[in-house]
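Order of the sequence lines sets the chain letters (A, B, ...), proteins ahead of strands, with each chain counted from 1. Owing to the predicted nature of the structure, the values given are computational and were not obtained by experimental measurement.
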Number of protein chains: 2
Amino acid sequence: MTLKFHTPLPPLGHLVSLFTYYKGYQPGHRIDRFLPDGNVELVIDLTDFPKQVYDNETLAVRHSFRRAWISGLRKEFISIHAGQDAEMFVITFQKGAARAITGMPLTELTEQVVEGDLVFGPPILALREALLEAVSPETKMRAAERRLLAMAGGDLQPNPFVQYAVNQILLHPGQLSLEALSNKVGYSQKHLIQLFKEHVGLPPKAFLRIIRFQRAIAEIEQRGGIEWSHLALDCGYYDQAHFIRDFKRFSGFTPEEYLRRKNGVVNYVPVG
Amino acid sequence: MTLKFHTPLPPLGHLVSLFTYYKGYQPGHRIDRFLPDGNVELVIDLTDFPKQVYDNETLAVRHSFRRAWISGLRKEFISIHAGQDAEMFVITFQKGAARAITGMPLTELTEQVVEGDLVFGPPILALREALLEAVSPETKMRAAERRLLAMAGGDLQPNPFVQYAVNQILLHPGQLSLEALSNKVGYSQKHLIQLFKEHVGLPPKAFLRIIRFQRAIAEIEQRGGIEWSHLALDCGYYDQAHFIRDFKRFSGFTPEEYLRRKNGVVNYVPVG
DNA sequence: TCCGGGTGGGATTGTAAAAAATTTACCTCA
DNA sequence: TGAGGTAAATTTTTTACAATCCCACCCGGA
C-alpha cells in the first residue's frame with residue numbers, strides 16, 4: 001500500500017491543510033462510519049469505479065459519486081466505502097478557509113457530499129487529469145498545488161475575523177461564550193454567526209461541539225487506560241454524562257462501544 | 001462566648017484527637033443537623049439541662065440525654081440540640097482508636113448515642129465532677145487528660161493493623177481496594193473486616209465513604225466558586241452524579257441546597 | 001449590501017436522579 | 001478459616017428539568 005501526506009506551504013497552506021494520497025489500501029471490511037471531524041474535504045478518485053455513500057442504518061446504497069466530490073461539514077456520521085481497491089487523492093481544507101476555493105457559502109455544502117463539477121466546474125476534471133498524469137505521489141502533490149492555486153484565483157486570504165474565531169475555538173473548546181467571542185471580534189453576535197456560517201458551514205457553537213468531540217477522540221487515541229469521567233472534564237464537557245451523550249450523537253457509539261470497534265484509522269470505524 | 005480547643009499529646013494523643021470546651025454559644029436556631037463525620041465523641045454536658053435528639057423528619061423529640069453521652073459512628077445525619085445555653089466539654093477520639101477507652105466493640109455504638117455511664121460506669125461522672133470543679137478551660141483540659149488516662153488503664157495503643165488501614169483510607173479515599181488493603185495488612189479480607197468493625201464501628205468501605213464525603217465537605221469550605229464535577233473527581237467520586245447521590249445520602253441535602261443552608265460550623269447545618 | 005436589533009423556539013448547560021451491567025465487599029454457615 | 005451467596009458499590013449509560021444561551025427569522029437603518 002502507498003500512503004503519502006503533504007502539507008502545502010503558504011500561500012496555498014492558508015487554504016489547504018493537507019494532501020493525502022493512497023493506493024492499494026485493503027481493509028478487511030467494506031463500509032466505514034466516517035465521524036464528523038470538522039473538516040471540509042475535496043476527494044479525487046483516480047479510479048473509474050464509483051464510490052458509495054450508504055444509509056446509516058440499513059447500509060443500503062444512498063448515493064454514488066465518481067471522479068471528484070466535496071464533502072462539507074457534518075454534525076452526523078456518514079457511512080461510506082471503506083476504500084478497497086481505491087486510489088484517492090484527498091485535499092483537506094484549513095478550517096474556516098475553504099470558501100476562498102469553493103467560491104460559495106459553505107452552508108451550501110453542510111451535511112452533504114456534492115459532485116465536484118457542481119462546485120468547481122471543469123477545472124476540477126483538469127485537476128484530476130493532472131493527477132492521473134503525474135506518475136509519482138510527489139509529482140501529484142506538486143500538480144495539485146499548482147492547480148489549486150490557479151482555481152483559487154487571487155483570493156488566498158481567508159476572512160480574518162472568522163479565522164480568529166475558529167482559532168479561539170480550537171484553542172479553548174470547552175469554556176467559550178459566543179458573547180465573549182463576538183465582543184473580541186468586534187462584530188455583533190448575530191453578524192459574527194452569519195459570517196461564521198458562511199465561511200465554516202456551521203454556527204460557532206455547533207462547530208465548537210465538533211472540535212470538542214474531536215479532542216475527545218484524540219485523547220482516546222493517546223491515553224492508555226481511560227477514565228471517562230476525567231477525559232470528559234479534560235475535554236471541556238460538563239461531566240461524563242454529557243460527554244457520553246455528545247459522543248453518541250456524533251459517533252453513534254457509546255464510548256466503550258467505540259473503543260471495542262475502532263481500528264487503526266481515526267474517525268473511520270468499520271461497520272460493514 | 002468561650003470556645004477552647006486542646007490537642008492532647010501522646011500517649012493520650014494516640015486515643016484522643018481533640019478536646020473542645022464551649023460555653024455561651026447562642027446560635028439563631030434551635031436544631032442542627034449533625035452530619036456523619038467519621039468521629040466518635042464523648043460529650044460531657046456541664047449544665048443540668050438534658051439535650052435532645054430529634055426525629056430527622058418531624059423534628060419531634062426522640063431521645064434525651066443528661067450529663068454525659070457517647071456518640072458512635074454514623075452513616076446518617078442526626079438532628080440535635082443546636083447548643084443554646086450549653087456548656088459542653090467534647091472529647092473527640094482518634095479514628096479507629098476509641099476502643100482502648102470504651103472497652104467494648106465499637107459496633108455496639110454505631111448509629112447510636114448512648115448514656116455515658118452505660119459505657120464507662122461511675123468514672124464518667126467523676127470526670128464530669130472534675131470538669132465542673134476546674135475553673136478555667138485550661139484546668140478542665142488538664143483534668144480531662146488525667147481522668148481519661150486513668151480510665152484507659154494501661155492500654156493506650158490502638159490496634160496497629162486497624163490503625164494502618166484507617167490511615168490508608170484517610171490518605172487515599174477514592175481509589176482503594178479492600179483486597180489490596182488486606183494484602184498489605186497481612187490478614188485475610190474477612191479477618192480485617194472483623195477487626196476493623198470492632199475498632200472503628202463500621203466496615204472499611206462504609207468508613208471510606210464517610211471520609212470521602214468529609215473530604216468533599218472540607219473542599220466546599222475551602223473553594224470559592226465551586227464546579228461540582230471537578231470537586232467530585234478531586235474527592236475520588238466516579239463522577240458528579242455519584243457525588244450528588246452520596247452527598248444526599250449522608251447529608252440529606254443536595255450540594256447546592258447544602259451551600260445555601262450551611263452556616264459557619266462545619267458538619268452542623270441549621271434545620272429548625 | 002453591510003450591519004445591528006428584537007423575538008421566540010430550540011439547544012446546551014448545570015444540576016440531579018437513576019437504570020443496567022459488572023465488580024467488590026461483606027456476611028453466613030458450616 | 002473457607003466457600004459461596006447476597007448485598008452493595010462501581011462503572012457505564014440514560015434521562016429529567018430548569019435556567020441560560022444560541023441562533024433562525026424577520027426587520028430597519030446606513
Side-chain angles (χ1 to χ4, degrees), chain A residues 75 107 159 161 173-183 185-198 200 202-210 212-213 225-233 236-249 251 253-260, chain B residues 75 107 165 169 173-182 187-197 202-210 212-213 225-233 236-249 253-260:
Chain A
K75 288 194 289 188
T107 38
N159 180 301
F161 301 103
Q175 69 307 332
L176 185 69
S177 95
L178 265 252
E179 200 180 351
L181 185 57
S182 51
N183 284 342
V185 168
Y187 282 122
S188 75
Q189 211 177 120
K190 262 159 268 201
H191 191 84
L192 177 63
I193 288 172
Q194 279 320 115
L195 218 54
F196 197 98
K197 279 173 53 184
E198 188 183 331
V200 176
L202 285 174
K205 201 72 185 195
F207 181 72
L208 180 148
R209 295 211 310 144
I210 291 172
R212 191 166 44 180
F213 167 70
I226 293 178
E227 289 197 72
W228 297 121
S229 34
H230 283 90
L231 186 144
L233 261 57
Y237 292 93
Y238 181 76
D239 69 2
Q240 66 123 20
H242 290 81
F243 161 64
I244 290 171
R245 187 170 35 171
D246 249 33
F247 196 94
K248 198 162 181 192
R249 280 198 197 142
S251 75
F253 301 120
T254 65
E256 285 289 333
E257 200 180 356
Y258 172 76
L259 262 195
R260 287 194 298 274
Chain B
K75 288 193 289 187
T107 38
I169 289 174
Q175 69 307 333
L176 184 69
S177 96
L178 266 250
E179 200 181 353
L181 185 57
S182 52
Y187 281 123
S188 76
Q189 215 177 117
K190 244 172 314 189
H191 192 158
L192 178 62
I193 287 172
Q194 278 320 114
L195 216 55
F196 197 97
K197 279 172 56 181
L202 286 173
K205 203 71 187 194
F207 180 71
L208 180 148
R209 294 212 308 145
I210 291 172
R212 190 166 43 180
F213 168 69
I226 295 177
E227 288 197 72
W228 298 122
S229 33
H230 281 91
L231 186 143
L233 261 58
Y237 292 92
Y238 181 75
D239 70 2
Q240 64 121 20
H242 292 80
F243 161 65
I244 290 171
R245 185 169 42 168
D246 250 34
F247 196 94
K248 196 161 183 192
R249 279 197 196 143
F253 301 120
T254 65
E256 287 286 336
E257 200 181 354
Y258 172 77
L259 262 194
R260 288 194 297 273

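Nearest nucleotide to the side chain of B:Tyr238, out of C:dA16, D:dT11, D:dT10: D:dT11.
Spacing between atom CG of B:Leu202 and atom C1' of D:dA7 amounts to 16 Å, rounded to whole angstrom units. Between the CG atom of B:Leu192 and the C1' atom of D:dT1 there is a distance of 15 Å, rounded to whole Å. The separation between A:Phe247 atom CZ and D:dT14 atom C1' is 16 Å, rounded to whole Å. The CD atom of A:Gln240 sits 10 Å away from the P atom of D:dT11 (whole-angstrom rounding). Per the geometry, CD belonging to A:Glu256 stands 18 Å off P belonging to C:dA20, to the nearest Å. Remark: P of D:dT12 and NZ of A:Lys248 are 16 Å apart, rounded to the nearest angstrom. If you measure from atom CG of B:Leu259 to atom P of C:dG14, you get 16 Å, rounded to the nearest angstrom. Rounded to whole Å, the distance from CD1 on A:Ile244 to C1' on C:dA17 is 15 Å.
Applying the side-chain contact (heavy atoms from CB on, under 4.5 Å) rule to A:Lys190 yields the partners A:Ser188; only residues at least two apart in sequence or on another chain are considered. With sequence neighbours excluded, the residues forming a side-chain contact (heavy atoms from CB on, under 4.5 Å) with B:Lys75 are B:Glu111, B:Leu202, B:Ala206, B:Ile210, B:Phe250, listed by chain and number.
For C:dT12, one of the phosphate oxygens OP1 or OP2 lies less than 4.0 angstrom from a side-chain nitrogen or oxygen of A:Arg249. One finds a side-chain N or O of B:Thr254 lying less than 4.0 angstrom from the OP1 or OP2 phosphate oxygen of C:dA16.
Between the side chain of A:Asp246 and the main chain of A:Arg249, no donor-acceptor pair closer than 3.5 Å is present. In this structure, the side chain of A:Ser229 engages the main chain of B:Tyr238 through a donor-acceptor pair within 3.5 Å.
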Checklist entry - Which letters describe nucleotides 24-30 of chain C, given B = protein heavy atom under 4.0 Å from base, S = only from sugar-phosphate, - = neither? => result -SSBB--
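Toward the 5′ end of DNA chain C lies the nearest nucleotide of A:Arg245, the other residue of the pair A:Arg245 and B:Ala241 mapping further downstream.
By the 4.5 Å heavy-atom criterion applied to side chains, A:Glu256 and A:Trp228 are counted as neighbours.
If you check every strand for non-hydrogen atoms under 4.0 Å, B:His242 touches a base.
A:Phe161 and A:Tyr187 have perpendicular rings, their planes meeting at more than 60° on a 0 to 90° scale where under 30° would count as parallel.
When each of A:Arg209, A:Arg245, A:Arg212 is paired with A:Tyr237, the side-chain contact (heavy atoms from CB on, under 4.5 Å) condition holds for A:Arg212 and for no other.
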